[in-house]
Asks: 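Sharing a structure here in structure tokens format.
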Amino acid sequence: MGSRVSREDFEWVYTDQPHADRRREILAKYPEIKSLMKPDSNLKWIIILMVLTQLVAFYLVRDLDWKWVMFWAYAFGSCVNHSMTLAIHEIAHNFTFGHHKTLWNRWFGMFANLPIGIPYSISFKRYHMDHHRYLGADGIDVDIPTDFEGWFFCTTFRKFMWVILQPLFYAFRPLFINPKPVSYLEIINTISQITFDIIVYYVFGIKSLVYMLAASLLGLGLHPISGHFIAEHYMFLKGHETYSYYGPLNLLTFNVGYHNEHHDFPNVPGKNLPLNCTITDVNGIPKIKRSSPDLQLPDSSKIKEVKESYICDALEDLKFFFKKRKDILRLINEDLHYLYTFGNTLYNLLLVFVLDW
């Protein structure tokens with residue numbers, strides 16, 4: 001648990017991100033992809049149903065023992081709230097009402113934000129657009145850990161604590177890396193959220209309020225669904241900074257696992273990203289596919305070539321990968337894989353313990 005990682009610095013590159021060039025190349029060859037760039041007509045109804053589901057949950061947990069409040073916060077509420085953060089991600093791209101009704105999307109994002117308990121929607125929109133334009137850029141992209149995080153969380157135990165506290169780092173990192181002036185929409189988002197939290201407290205009680213906040217903190221920390229935070233942009237293969245996941249958790253995350261596809265075409269809603277793969281499935285560029293159920297982290301037995309897809313830059317990359325398979329797999333951070341395997345085991349033990357209790 002106290003072993004240190006072999007790397008002592010980030011991987012620095014001085015070339016532009018590949019997604020913009022790849023977008024132009026693919027659109028030139030497959031202009032029909034533009035037909036997928038339209039709002040998701042079902043998204044608003046799904047989000048409304050999710051909000052109503054959490055309101056019902058607030059009512060149901062109000063008189064439970066504390067151990068059951070925390071159990072349901074982790075086993076159920078965390079899944080709903082984590083999924084809601086990814087619904088807000090969809091809203092940030094204006095997939096609810098379209099780009100011509102930008103302000104409608106911002107108001108609806110505040111509505112979706114309510115069961116999360118922490119004002120989040122408007123600020124996320126502002127920083128997430130930077131993430132797409134300046135992917136991995138030092139001092140701009142706040143999805144990238146700080147130098148302090150990379151230096152201090154360098155052992156297995158410290159990484160374990162970092163994963164648990166990940167929602168706090170995600171929330172406060174922008175204040176240190178790339179602070180922005182507070183907008184009037186952020187003020188409205190904060191006031192509406194605090195008002196909602198107070199209403200939850202007075203209508204349902206303290207247990208419902210704790211359930212709501214715990215569901216968000218637990219669901220964004222040491223939780224199986226949270227594996228996508230690490231899986232999306234942490235370097236597992238040298239030279240590749242974005243990865244896709246095609247497993248069943250996409251059903252809960254609005255297809256955020258299709259992450260290369262999302263960065264290539266950020267105007268395509270999550271619902272249409274699998275269709276995007278179908279259209280581009282004949283371009284002859286290989287893909288390294290990860291569909292491991294092991295919390296979305298790479299598994300050497302699951303890494304394989306998927307014919308005629310488009311994530312890697314050239315066929316030579318895949319040939320090199322299989323030729324040097326053992327050497328490249330050593331680049332995978334075994335500590336992170338261990339931590340998420342441990343987290344999955346802890347989750348199962350918790351279920352057994354509480355049900356037996």
Asks: For Tyr127, what are the other residues in its hydrophobic cluster, where any two members join if their side-chain heavy atoms are less than 4.5 angstrom apart?
Replies: Val142, Ile177
Asks: What pairs meet the salt bridge (charged side-chain N to carboxylate O under 4.0 Å, His left out) rule with one or both residues in residues 112-132, with sequence neighbours excluded?
Replies: Arg126-Glu186, Asp130-Arg133, Asp130-Lys180
Asks: Can you name the residues that form a side-chain contact (heavy atoms from CB on, under 4.5 Å) with Thr190, not counting sequence neighbours?
Replies: Pro119, Ile194
Asks: With sequence neighbours left out, what residues match Ala87 under side-chain contact (heavy atoms from CB on, under 4.5 Å)?
Replies: Ile47, Met84, Phe254
Asks: With sequence neighbours excluded, what pairs up with Leu252 under the side-chain contact (heavy atoms from CB on, under 4.5 Å) test?
Replies: Ile225, Leu249
Asks: Can you name the residues that form a salt bridge (Lys or Arg N to Asp or Glu O under 4.0 Å) with Lys38, not counting sequence neighbours?
Replies: none
Asks: Indicate, with yes or no, if the rings of His131 and His89 have centres closer together than 6.0 Å.
Replies: no
Asks: Under the salt bridge (Lys or Arg N to Asp or Glu O under 4.0 Å) rule, collect the residues that match up with Arg62, sequence neighbours excluded.
Replies: none
Asks: Just checking, any donor-acceptor pair under 3.5 angstrom between side chains of Ser244 and Glu261?
Replies: yes
Asks: I'd like a table of donor-acceptor pairs (distance under 3.5 Å, sequence neighbours excluded) in which one partner is a side-chain atom from residues 202-222, with atom names and distances.
Replies:
| residue | atom | partner | partner atom | Å |
| --- | --- | --- | --- | --- |
| Lys207 | NZ | Leu64 | O | 2.6 |
| Ser208 | OG | Phe58 | O | 2.5 |
| Tyr211 | OH | Gln54 | OE1 | 3.0 |
| Ser216 | OG | Asn81 | ND2 | 2.9 |
| Ser216 | OG | Ile116 | O | 2.6 |
| Ser216 | OG | Met212 | O | 3.4 |

Asks: Residues in salt bridge (Lys or Arg N to Asp or Glu O under 4.0 Å) with Asp65, at least two apart?
Replies: Lys67
Asks: Can you tell me how far the OH atom of Tyr120 sits from the OH atom of Tyr170, to the nearest 0.5 Å?
Replies: 5.0 Å
Asks: State which residues pass ring pair (Phe, Tyr, Trp, His ring centres under 6.0 Å) with His132; sequence neighbours excluded, sorted by chain then number.
Replies: His93, His128, His262, His263
Asks: Could you tell me which residues satisfy salt bridge (Lys or Arg N to Asp or Glu O under 4.0 Å) with Lys271, sequence neighbours excluded, listed by chain and number?
Replies: Asp40
Asks: Sort and list the pairs that fulfil salt bridge (charged side-chain N to carboxylate O under 4.0 Å, His left out) and have at least one residue in residues 164-173, not counting sequence neighbours.
Replies: Glu149-Arg173
Asks: Decide yes or no for Phe265 and Met37: does some side-chain heavy atom of the first lie under 4.5 Å from some side-chain heavy atom of the second?
Replies: yes
